[in-house]
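This is the structure I want to talk about, given as structure tokens.
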Amino acid sequence: MEKVPPRLRGVMSGLLQQGYAAAICSRRSVPARLPHWGWRPLFFIGGLPALLALFVRARVHESEVWRETRHETWSHLGRAIMSNWKLFLYLTVLMAMMNMVSHGTQDMYPTFLQRDWGFGPRARAAVTAVSQVGALAGGSSADSIPTGWGDVGRLVWHSREPC
């Protein structure tokens, strides 16, 4: 992200984080469009990022920022973490909370719809698809809206929104 202009970092970060919502949308739509093949197209499409990772590993050079801040050994990295332990603990808790918000709405909500509201597979799929389209739209556009509170304020603002 250090190569992206600062004014576009929020938008680019939002786009990079939309893979999960895009995968859920495609998981629902591809087997329905290709019933003869079922899950197989998604299995092979899912392997494409691994091929991309091999290309990136072999051909893309590390950034200057990474080279300048790289730690020579694991003990140097451990010392850097311990010298910033409060920040490290804060970021660990923050990311754990964001994961709970994300997976609660994306993974557990369909189970809630089934068990507590009695939704069948089609209704659950429809609600999930609509919510993931909303996640794609919101994640791609909302990070460009300044809140005046910085990145943490934007995270808090978005996490308080109803699913």
Side chains of Phe119 and Val127 in contact at under 4.5 Å (non-hydrogen atoms):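 Yes, their side chains come closer than 4.5 Å.
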Distance in Å, Thr92 OG1 paired with Ile81 CD1, rounded so as to fall on 0.5 Å steps: 8.5 Å
In one Ile/Leu/Val/Met/Phe/Trp/Tyr side-chain cluster, 4.5 Å: Val93, Met100: yes
More than 12 heavy atoms of other groups within 6.0 Å of Trp66 CH2: yes
Point-to-point distance, once rounded to the nearest 0.5 Å, from CG of Leu89 to CG of Leu94: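 It comes to 11.0 Å.
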Nearest heavy-atom neighbours spanning Glu62 and Arg67: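 Result for this residue pair: O-NH2, 2.6 Å.
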Single-linkage hydrophobic cluster Phe88~Trp74, side-chain heavy atoms < 4.5 angstrom: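 Phe88 and Trp74: one cluster.
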Nearest-0.5 Å distance, CZ of residue Arg79 to NE2 of residue His71: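 NE2 of His71 is found 10.0 Å from CZ of Arg79.
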Test item: Arg124 side-chain N/O and Gln114 main-chain N/O as donor-acceptor pair under 3.5 Å: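 No, the answer is negative, given that no donor and acceptor are paired below the 3.5 Å cut-off.
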Spatial distance of atom CG (Asp116) from atom OG1 (Thr111) [nearest 0.5 Å]: 10.0 Å
